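These notes concern the structure reproduced below.
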Amino acid sequence: MKTSIATVCLSGTLEEKMQACATAGFDGIEVFEADLVVSPSSPAEIKALADRLGLTLDLYQPFRDFEGVEEAQFQDNLRRLEAKFQLMQELGMDLVLVPSNAGTATVNDDAVVADQLRRAAELAQRYDVRIAYEALAWGRFVNTYWHSWELVEAADHPNLGVCLDSFHILSRDDDPARITDIPADKIFFVQLADAPDLGMDLLPWSRHHRVFPGEGSFDMVGFMAKLTETGYDGPLSLEIFNDVFRETDPVLTAADGLRSLRWIQQGARGRVTEAAAARVELATMPKIDPVETIDHVEISTDSPDECGALLGALGFRFAGQHRRKAPQLFVADGVKVVLSPTQSGGTSIASVAVQVADSAKAFARARALGAPLVSRPVTADEVRLPGVFSPGGTQLFFVDEQAASWPTEFGSDPDKLAQHSATMRLDHLNVPEAWDHFGASVLFTLAMLRMEPLEAQNVASPRGLVHSQVLESPQGGIRWNFNRVPRTYTDRAGQPVRYPGHIALAVDDLEQRAREATSAGLTVLPIPSNYYADLKARFGLDDATVTRWQELGILYDRNADGEFLHLYSETIGGLFFELVQRVGAYNDYGPGNAAVRLAAQQQHEQLTRAFGG
Ligand SMILES: O=C(O)c1ccc(O)c(O)c1
Ligand SMILES: [Mg+2]
């Protein structure tokens with residue numbers, strides 16, 4: 001379907017926004033009046049710029065507080081409207097958005113409102129333009145899409161139709177099912193916006209916290225499926241009022257937006273008939289099964305010796321050096337870690353390789369989702385793993401059957417590495433994301449691997465709130481936590497510090513493992529005794545158990561499903577490890593414990609700095 005985006009979604013001047021939309025590959029834009037009013041370009045120049053950039057100008061908006069007013073006021077509103085019709089002619093535009101009156105409406109009478117909408121449509125007809133009427137969720141008298149349609153139907157004019165905006169429908173928990181009862185040719189425009197569940201009032205929620213489809217908690221794919229069934233084949237437009245988007249690079253934001261439109265169309269395809277999908281030309285991308293297995297994780301490090309020693313203490317064994325290059329392979333039962341030495345840049349997760357049935361297809365899907373390819377030189381006798389950069393910079397590689405022999409390049413027999421009775425497994429990854437890449441990284445990973453989001457959390461760190469979004473694969477084989485790092489993450493002296501990511505490994509007997517690892521040289525992050533006093537009180541634990549855990553740095557949680565024990569290693573330049581033990585069907589991550597960890601890490605870092613450790 002044709003793609004469009006409202007200029008209000010992006011930072012920059014109108015001209016910069018238009019450039020960004022074209023660069024990202026949108027077909028058209030919604031012109032926000034506020035952007036035009038502050039632009040030094042004349043309407044004719046904006047039209048010319050759009051033509052040069054290959055963008056259509058799809059919707060002029062908003063024309064507020066129009067209907068449901070006394071006649072004298074209405075006459076003045078018509079005059080205002082006519083001025084906009086003249087402006088639209090200069091812009092070469094033919095569709096204007098009239099949101100339902102939220103400010104000045106005094107007449108709560110459908111017959112009057114329908115008549116006023118009809119008279120507006122008659123005026124529009126003279127200018128050869130059309131009006132899309134949208135029910136704002138907080139409209140004074142009209143606030144549901146069905147009511148807006150009843151009024152449009154009653155007005156019965158070819159130049160009047162409705163605009164459906166997913167935010168206004170889903171934010172009120174309204175059921176979108178009835179949009180299929182609206183004739184497709186009376187749906188003049190569609191705006192897609194998602195939002196996280198914030199439990200706040202509709203208007204501030206809408207004006208500040210909308211996000212791209214897939215980045216919030218609405219059933220956007222369900223909405224898109226319903227829309228597809230209507231047969232609407234006009235633009236799919238993004239209208240996202242978001243405070244972060246107003247500050248981020250508009251090219252990045254626009255690219256993220258286009259990815260969300262590809263994702264939602266692909267998602268809807270699975271929920272409608274082939275015929276319905278074909279009628280509106282839903283965009284496609286190569287389909288893959290949900291990804292359930294991480295093949296290996298690559299750590300790039302400027303401290304390979306320290307990192308190797310940490311892996312050794314955790315129970316990894318050195319399984320070989322690459323036959324021609326610097327990387328080393330470390331293996332612990334089923335977990336494979338490649339350590340790639342670098343000159344600088346600290347230590348972090350550089351890439352994640354996932355197992356797929358067909359890596360060429362997975363790669364093509366990633367490309368359709370706008371991910372740039374990773375180009376790595378390989379010689380003829382080496383396996384080439386196709387890979388891409390996720391928006392935050394983590395590389396994602398795809399490993400299929402044919403590529404499974406890659407460990408032979410490290411002198412390891414891949415069959416011997418794969419142990420299914422493994423006593424150590426990869427539990428989850430935790431990757432820090434910069435504030436302006438967070439949403440894009442989450443959406444890309446979710447769309448690419450077909451993962452599902454858990455409810456987002458905020459974790460208090462001494463340096464600011466960390467927004468945490470866990471994605472899980474449908475069978476639970478992959479758990480991937482994204483942490484949005486506070487915008488300025490600095491020490492007390494104001495120097496930027498690195499927010500560490502981590503790799504969590506699941507074991508069956510954490511206390512035993514902790515003792516073994518500690519005697520093998522692992523430094524465990526010390527946890528303050530206040531935490532243990534609280535733990536004892538909360539769960540009614542005995543002194544001996546709590547004392548043992550405190551000595552080992554073990555944190556704890558319990559819920560109806562089971563128990564969770566975990567500990568954290570020291571941090572090496574931006575990366576640490578977590579050991580976890582899940583008891584019973586415990587499926588959470590120890591809510592509350594991440595804040596304890598972040599505070600302990602800050603404390604520990606300051607002590608080691610103060611003492612030059
Ligand atoms: O918040 C608003 O006023 C507003 C304006 C235009 C829209 O299309 C919309 O969804 C909201
Ligand atoms: Mg809208």
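Predicted, not measured: the structure shown is a model, and the values here were computed from it. Ligands are counted one by one from 1 in listed order, and the atoms in each one are counted from 1 as well. Residue indices begin at 1 and follow the sequence shown.
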Can the positive tip of Arg484 be found less than 6.0 Å from the middle of the six-membered ring of Trp435, inside 45° of the ring normal?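 Ring-cation test returns no.
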Against the six-membered ring of Phe188, is Arg130 placed for a cation-pi contact (under 6.0 Å from the centre, within 45° of the normal)?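 Relative to the ring axis of Phe188, which defines the angle, Arg130 lies inside both limits.
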Got the closest protein heavy atom to atom 10 (O) of ligand 1, with its distance? His168 NE2, 2.6 Å
Heavy-atom nearest neighbour in the protein, as seen from atom 8 (O) of ligand 1, with distance rounded to 0.1 Å: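 Among all protein heavy atoms, the one nearest atom 8 (O) of ligand 1 is Glu239 OE2, 2.5 Å.
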Asn458, CG atom: more than 12 neighbouring heavy atoms under 6.0 Å: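 For Asn458, atom CG is crowded (more than 12 foreign heavy atoms under 6.0 Å).
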Quick one: look at [X] and ligand 1, take heavy-atom pairs under 4.0 Å, and tell me if it's side chain, backbone, both or neither.
X: Glu33; answer: neither
X: Trp138; answer: side chain
X: Leu136; answer: side chain

Just give me the atom name: the N, O or S atom of [X] closest to the Mg ion (ligand 2).
X: Glu134; answer: OE2
X: Glu239; answer: OE1
X: Asp165; answer: OD2

Residues Gln125 and His157: side-chain donor-acceptor under 3.5 angstrom: yes
Between Asp194 (side chain only) and Gly214 (backbone N and O only), is there a donor and an acceptor less than 3.5 Å apart? yes
Strictly distance-based, threshold 3.5 Å: is any side-chain N or O of Asn159 a donor or acceptor partner for the main-chain N or O of Asp128? no
Taking Arg119 as the fixed residue, which of Glu67, Glu82, Glu71 is the one that meets the salt bridge (Lys or Arg N to Asp or Glu O under 4.0 Å) rule?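 Looking at Glu67, Glu82, Glu71, the match for Arg119 under the salt bridge (Lys or Arg N to Asp or Glu O under 4.0 Å) is Glu71.
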Tell me, please, if Gln191 has any N/O/S atom, main chain or side chain, under 2.8 Å from the Mg ion (ligand 2)?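 Within the cut-off used here (under 2.8 Å), Gln191 does place an N, O or S atom near the Mg ion (ligand 2).
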When only distance counts, is Glu134 in polar contact with ligand 1, meaning an N/O pair under 3.5 Å? yes
